[in-house]
Amino acid sequence: MKKNVSKLIIILLSIFMCLPIILIVSGSLMGLDELKECLGPALSDMEGYVRLSLFPKYPTLKSIVQLLLDTPEFFVMYWNSIKIVVFVLFGQVLLAMPAAWAFAQYNFSHKKLLFTIYIVVMLMPFQVTMLSSYIVLDKFNIINTHLSLIIPGIFSTFPVFIMYRFFSNIPKSILEAARIDGASEIKVFLNIGVPLGMPGIISAMVLGFIEYWNLIEQPLTFIKDQSLWPISLYLPNIGLENADIAFLASLVTLLTSLAVFFAGQKYLKEGISATSGGEK
């Protein structure tokens, strides 16, 4: 009996947590008139109360046509986000993997201090480093370009921390055996470290995608030209007059993140678990 009650509570909580997604799907199928009727009291001067409907009264695909054919700025921002995320993740793979491997497998002077600095930088919110980052990026003349988002993302310390946890769990005996057989340090890293640490690498990439796909404060701070904005800044500029497009754009943006999440769900769980451990 207790198990059935627990399952029922979990199911109800799951449905409640999924309500925003259900409302986004429902809103994307509603006509503009129906959305105005539901959301008008909150988004305009209409009297009454906001009404949320789980199912549209008159489903329509008009918003899909409008978004795909009549809203080129959406595709521009979507492409901007793809470009930013791809370059950030590519740069993180090139820089974070060797750094994490060095922390996990080699002993060098002030290693613990340097790793502690990495953790401190990782824990700093953007508001703390915003001014200093702006000054540095301005000195390099890359403010108002995608590089102002890509370069700080490439040098993020978070993927180093994730990969470090996985690299440090590789048995030392395997690495020593490879070295005895004459493998160079680069071959040990590429042929043993990278394959065995692939769950950590993938989990870091999934977490990185979710983070940089949803950037808000950084592009608002560093990019003034709206044609360079990522998709995360497209929705705040939409009002009641095009709420139907807003719901569909939200759904498309969400589906992209969900696709990446489900593709790397297994490794993402391992990555989150790894962050709970302390330094070895």
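We're numbering straight along the sequence, starting at 1. The structure displayed is predicted, hence computed values, not measured ones.
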query: According to the interplanar angle, ranging from 0 to 90°, do the rings of F74 and Y78 count as parallel (below 30°), tilted (30 to 60°) or perpendicular (above 60°)?
result: tilted
message: Just checking F166 against W101, ring centres under 6.0 Å apart?
response: no
query: Does the ring center of F115 lie less than 6.0 Å from the ring center of Y164?
result: yes
- request: Identify the two heavy atoms, one from A104 and one from K172, that lie closest to each other, and give their separation to 0.1 Å.
  value: O-NZ, 3.4 Å
query: Between the side chains of E73 and Q226, does any donor sit under 3.5 Å from an acceptor?
result: no
- prompt: When you measure from the side chain of T157 to the backbone N and O of V121, does any donor-acceptor pair fall under 3.5 Å?
  reply: no
field: Under 3.5 Å donor-acceptor, Q92 side chain and M205 backbone
entry: no
Hydrophobic cluster partners of I15 (side-chain heavy atoms under 4.5 Å): I11
field: Separation between CZ of F189 and CD of Q105, rounded to the nearest 0.5 Å
entry: 10.5 Å
message: Show the nearest heavy-atom pair for residues V188 and A178, with the distance to one decimal.
response: CG2-CB, 4.1 Å
- line: Output for pair (L254 CG, S250 OG), nearest 0.5 Å, gives 8.5 Å
query: Okay, side chain of W229, backbone of I223: is any donor-acceptor separation there less than 3.5 Å?
result: yes
Counterpart residues, ring pair (Phe, Tyr, Trp, His ring centres under 6.0 Å), relative to F90 (two or more places apart): none
message: Can you confirm whether Y212 sits close enough to S156 that some side-chain heavy atom of one is under 4.5 Å from a side-chain heavy atom of the other?
response: yes
statement: Output for pair (L248 CG, I24 CD1), nearest 0.5 Å, gives 11.0 Å
- prompt: Does L113 CG have over 12 foreign heavy atoms under 6.0 Å away?
  reply: yes
field: Smallest separation among heavy atoms of S148 and F222, with atom names
entry: OG-CB, 3.4 Å
task: Answer with yes or no whether the hydrophobic clustering places I151 together with L131; edges join I, L, V, M, F, W, Y residues whose side-chain heavy atoms lie under 4.5 Å apart.
output: no
query: Are T253 and Y234 linked by a side-chain donor-acceptor pair shorter than 3.5 Å?
result: no
message: Is there a path of hydrophobic side-chain contacts, each under 4.5 Å between heavy atoms, that joins I117 and L95?
response: no
message: Looking at every non-hydrogen atom in both residues, tell me the closest pair between F167 and G193 and how far apart they are.
response: CE2-O, 3.2 Å
statement: Taken to the nearest 0.5 Å, the spacing of L89 CG from L94 CG works out to 11.0 Å
task: Kindly check if the number of other-residue, nucleotide or ligand heavy atoms within 6.0 Å of CZ (F108) is above 12?
output: yes
task: Spell out, as yes or no, whether a donor-acceptor pair under 3.5 Å connects the side chain of S132 to the backbone of T129.
output: yes
message: Any non-hydrogen side-chain atom of K187 less than 4.5 Å from a side-chain atom of N191?
response: yes
task: Considering non-hydrogen atoms only, spot the tightest contact between M124 and V128 and give its length.
output: SD-CG1, 4.3 Å
message: Between S232 and L215 (side chain of the first, backbone of the second, donor and acceptor by atom type, cut-off under 3.5 Å), is there such a pair?
response: yes
message: If we ignore hydrogens and angles and just use 3.5 Å, is the side chain of N80 paired with the main-chain N or O of S227 as donor and acceptor?
response: yes
- prompt: Does atom CZ of F75 have more than 12 heavy-atom neighbours, drawn from other residues, nucleotides or ligands, at distances under 6.0 Å?
  reply: yes
- request: State, yes or no, whether a side-chain contact exists between I231 and W213 at a heavy-atom distance under 4.5 Å.
  value: yes
query: Going by the angle between their ring planes, with limits at 30° and 60°, are Y118 and F103 parallel, tilted or perpendicular?
result: perpendicular
message: Within the structure provided, determine whether Q218 and M130 are in side-chain contact (heavy-atom separation under 4.5 Å).
response: no
- prompt: L19 and L8: same hydrophobic cluster, using ILVMFWY side-chain contacts below 4.5 Å?
  reply: no
message: Counting only heavy atoms from other residues, nucleotides and ligands, does the tally under 6.0 Å from NZ of K7 exceed 12?
response: no
query: Do V120 and F161 belong together in a cluster built from hydrophobic side chains that touch within less than 4.5 Å?
result: no
task: For side-chain contact (heavy atoms from CB on, under 4.5 Å), just list the numbers for V76 and L228, CA-CA rounded to whole Å, side-chain angles, deciding distance to a tenth of an Å, and then say yes or no.
output: CA-CA 8 Å; V76 171; L228 299 176; over 6 Å; no
field: Spacing of M77 atom CE and L233 atom CG [to the nearest 0.5 Å]
entry: 7.0 Å
field: Residue pair M163 / G200: nearest heavy atoms and the distance that separates them
entry: CG-O, 4.2 Å
- prompt: Does the K111 side chain pair with the main chain of Y106, one donor and one acceptor, at a distance under 3.5 Å?
  reply: yes
- prompt: Checking S257 side chain against I210 main chain: does a donor-acceptor pair fall under 3.5 Å?
  reply: no
- prompt: Say you draw a straight line from CD of Q127 to OG1 of T221; how long is it, rounded to the nearest 0.5 Å?
  reply: 8.5 Å
message: Quick check: is I135 connected to I150 through a chain of hydrophobic side chains (ILVMFWY, heavy atoms under 4.5 Å apart)?
response: no
- prompt: Is N144 reaching over with its side chain to a backbone N or O of D225, donor-acceptor style, under 3.5 angstrom?
  reply: yes
